[in-house]
S.K.: 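The structure's right below; bear with me while I get my questions together.
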Amino acid sequence: MESYGALLRNAREEKKLSIEAVERETTISKQYIEALENESTEIFHGEAYLVGFLRNYAEFLELDSHRLIHLYRNMMIQESPVPEGLIEKPRPRFLIPGIVGGSIALVLIAVLSIYFSISYKNRIERERNYAVSEKNQQKIYEISDKPMNERVYIGDQITFNAKDGAIVLTVASDTNSRLGLTTPVGVQYFELSETRELDLDGDAAVDIVVDVWEISSNDQSRGAEVYIVKKSDVPVQEVPANTITVAKTSSSVNYTHQILEDNRAYPFSIDAYFRNPCVFRYECDRKTSVENYYTTRDSITFQANNAIRLWMSNGNTVKLQVVADGIPHELEIEKAGECIVEDIKWIRSDDGRYRLVVVPLD
C-alpha cells in the first residue's frame with residue numbers, strides 16, 4: 001500500500017523545499033510536518049488535527065488531499081486491533097470447539113472488515129460529493145466597511161454599494177492561473193500577488209482595491225483567495241498645524257521607501273490586516289505603545305500626526321495600508337518569518353518639501 005508520508009516527503013524533495021521553508025510558508029510547525037512525513041500519528045491531539053494538517057500540507061505541495069487522507073484512514077483501519085469481544089477464546093480442553101470458535105471469529109472479522117471498508121468508502125464518497133457540491137454552489141459576498149478575505153470560485157458574486165447603487169462582480173469562467181472578474185467596465189484580470197485599484201462607476205474615484213493572495217497555476221477548480229477592501233471616501237481630518245512636529249531630513253535618516261511627497265505634513269492613519277497569527281505592537285507620536293496578539297482576518301486602524309513605530313513578530317503576515325490626505329497607499333512587508341521594526345513618519349527636506357517615508361530600525 002502506498003505511504004502518504006512518503007508521498008509528502010517525495011513531493012517536498014522534488015520541489016527542493018526544506019522543512020523550515022514549508023514551515024514558513026504554511027505556518028505548520030516543524031514537528032507536525034516531520035510527524036506527517038514519518039506517519040507518527042501519536043503526536044497529534046486528535047484525528048481532526050491530523051487530517052486538517054494533512055489536507056493543508058498536501059494542497060501546499062499540489063497533491064490530491066482526498067487521496068492522501070484516504071491512504072491515512074486505510075492505514076488506520078489496517079492497524080486497528082480486532083475488538084476483544086469478537087474473538088471467542090478456545091477452551092484448551094476441547095480442540096474441536098476451539099477450532100470452530102476460531103473459525104467463527106475469523107468469519108466475523110472478515111465480515112466486519114468488509115462492512116467497515118464499504119462504510120468507509122461510502123463516507124469518503126459522501127464527503128467528496130459534499131465538498132464538490134459546496135464548491136460548485138455559487139455564493140454571494142457583500143463588501144461592507146470591513147475587508148473581504150475569502151476563497152472564491154467560478155460563478156461567485158461580489159457586491160457592494162456605490163454612489164449610484166449596487167455593483168456586482170462575478171468570478172469569470174476563464175479563471176485559471178489568474179483571477180478574472182466580470183465588472184460593469186468589462187472583464188478585469190489579476191495575476192497572483194497583484195494589487196489593483198478599480199473605478200467601477202465611472203466617477204474617476206477608486207471604489208475598491210483587489211488583491212489576489214493565492215491561485216493555482218493549473219487547477220481552476222481550487223478557485224482563488226482574494227482580499228478586497230472598499231475605499232473610504234472620508235478623508236483624514238486635519239488637525240492644527242502647530243500640533244505637527246516634523247523632523248528635518250539629514251544624512252542619518254536612511255529610509256527605504258517613500259510613500260508620498262507634499263508641500264505640507266498632515267495626520268495619517270494605518271489599516272493593518274492580518275493574514276496569519278502575529279504579535280503586533282504600534283506606538284503613535286511617542287505615546288504609550290499598544291501590543292496584542294492577532295489572528296487570521298483580524299484588522300485594526302490607528303492614527304498619528306507625525307510618526308508611527310511598528311513591531312511585527314512575522315512581517316509577511318501583515319498587510320498595511322497607509323491613508324494620507326484621504327488616499328490609500330498599499331505597503332507590503334516582504335520579509336517572511338522575520339521580526340520587523342520600522343518607523344512610518346514625516347520628514348522635511350532642505351527645500352521645504354515633506355515626505356512620508358518608511359525607516360527600518362535594528
Side-chain angles (χ1 to χ4, degrees), residues 1-17 19 21-23 25-80 112-139 149-156 171 173-179 192 212-226 275-276 296:
M1 186 177 71
E2 288 184 293
S3 164
Y4 70 88
L7 291 174
L8 292 171
R9 183 184 301 106
N10 293 338
R12 175 177 60 79
E13 292 176 350
E14 287 178 2
K15 293 178 179 293
K16 298 182 180 180
L17 295 172
I19 291 180
V22 175
E23 180 182 27
E25 293 296 327
T26 64
T27 69
I28 300 175
S29 298
K30 177 181 179 180
Q31 59 177 339
Y32 295 134
I33 297 173
E34 293 175 339
L36 289 173
E37 292 187 356
N38 296 326
E39 300 184 356
S40 302
T41 59
E42 65 278 357
I43 192 175
F44 298 94
H45 299 297
E47 185 181 41
Y49 291 94
L50 187 149
V51 171
F53 285 130
L54 179 56
R55 179 181 290 107
N56 292 340
Y57 191 14
E59 291 180 352
F60 170 75
L61 295 174
E62 298 183 344
L63 297 175
D64 185 349
S65 60
H66 293 293
R67 177 166 171 257
L68 267 69
I69 293 173
H70 179 72
L71 291 175
Y72 154 71
R73 285 178 171 155
N74 276 351
M75 182 194 73
M76 296 304 295
I77 289 176
Q78 293 184 7
E79 293 182 354
S80 297
L112 288 174
S113 297
I114 294 172
Y115 171 76
F116 285 125
S117 177
I118 294 175
S119 298
Y120 171 73
K121 290 180 180 179
N122 290 338
R123 181 163 63 88
I124 291 298
E125 187 63 27
R126 287 195 302 270
E127 290 179 355
R128 181 180 294 111
N129 291 337
Y130 176 78
V132 171
S133 175
E134 279 289 295
K135 186 167 64 176
N136 291 337
Q137 182 179 0
Q138 294 179 354
K139 295 183 178 180
N149 182 200
E150 298 286 349
R151 182 170 290 276
V152 296
Y153 300 91
I154 294 173
D156 286 352
V171 180
S173 59
D174 56 347
T175 290
N176 188 11
S177 76
R178 59 176 183 171
L179 172 66
L192 177 63
V212 180
W213 284 5
E214 194 275 331
I215 188 169
S216 173
S217 60
N218 53 19
D219 184 5
Q220 67 177 8
S221 66
R222 292 178 57 183
E225 184 177 359
V226 299
R275 299 168 173 169
N276 289 298
T296 306

S.K.: Supply the atom-to-atom distance Arg275 CZ to Thr296 OG1, rounded to the nearest 0.5 angstrom.
M.R.: 11.0 Å
S.K.: If I take atom CD1 from residue Ile33 and atom OG1 from residue Thr26, how far apart are they, to the nearest 0.5 angstrom?
M.R.: 4.5 Å
S.K.: Taking all non-hydrogen atoms of both residues into account, name the closest pair between Ala224 and Leu179 and its distance.
M.R.: CB-CD1, 4.3 Å
S.K.: Using a strict cut-off of less than 4.0 Å between a Lys/Arg side-chain nitrogen and an Asp/Glu carboxylate oxygen, indicate whether Glu37 and Arg12 qualify as a salt bridge.
M.R.: yes
S.K.: Evaluate the side-chain proximity of Glu14 to Leu61: yes if any heavy-atom separation is below 4.5 Å, no if none is.
M.R.: no
S.K.: Checking the side chain of Asp156 only, and the main-chain atoms of Tyr153 only, is there a donor and an acceptor separated by less than 3.5 Å?
M.R.: yes
S.K.: Could you please spell out the steps behind the salt bridge (charged side-chain N to carboxylate O under 4.0 Å, His left out) verdict for Lys139 and Glu150?
M.R.: CA-CA 11 Å; Lys139 295 183 178 180; Glu150 298 286 349; over 6 Å; no
S.K.: Enter the distance from Asn276:CG to Thr27:OG1 here, rounded to the nearest 0.5 Å.
M.R.: 5.0 Å
S.K.: For residues Val51 and Arg73, determine if any side-chain heavy atom of one lies less than 4.5 Å from a side-chain heavy atom of the other.
M.R.: yes
S.K.: Has the side chain of Arg151 got a donor or acceptor atom that lies under 3.5 Å from a matching backbone atom of Arg222?
M.R.: yes
S.K.: Strictly distance-based, threshold 3.5 Å: is any side-chain N or O of Arg55 a donor or acceptor partner for the main-chain N or O of Ser65?
M.R.: no
S.K.: Nearest 0.5 angstrom please: Asp64 CG to Glu59 CD, how far?
M.R.: 9.5 Å
S.K.: With side chains defined as the heavy atoms from C-beta onward, is the minimum distance between Ile43 and Glu34 less than 4.5 Å?
M.R.: no
S.K.: Considering all heavy atoms of both residues, which atom of Ile154 and which atom of Ser173 are nearest to each other, and what is their separation?
M.R.: CD1-O, 3.5 Å
S.K.: How about Val226 and Val171: do any of their side-chain heavy atoms sit closer than 4.5 Å?
M.R.: no
S.K.: If we only count heavy atoms from C-beta on, is the Leu8 to Leu54 side-chain gap below 4.5 Å?
M.R.: yes
S.K.: Would you please classify the geometry between the Phe44 ring and the Phe53 ring as parallel, tilted or perpendicular, with 30° and 60° separating the classes?
M.R.: tilted
S.K.: Drop me the distance from Tyr4's OH to Leu36's CG, to the nearest 0.5 angstrom.
M.R.: 6.5 Å
S.K.: Does any part of the side chain of Glu47, heavy atoms only, come nearer than 4.5 Å to the side chain of Thr41, both counted from C-beta?
M.R.: no
S.K.: With rounding to the nearest 0.5 Å, note down the distance linking CG in Leu50 to OH in Tyr72.
M.R.: 5.0 Å
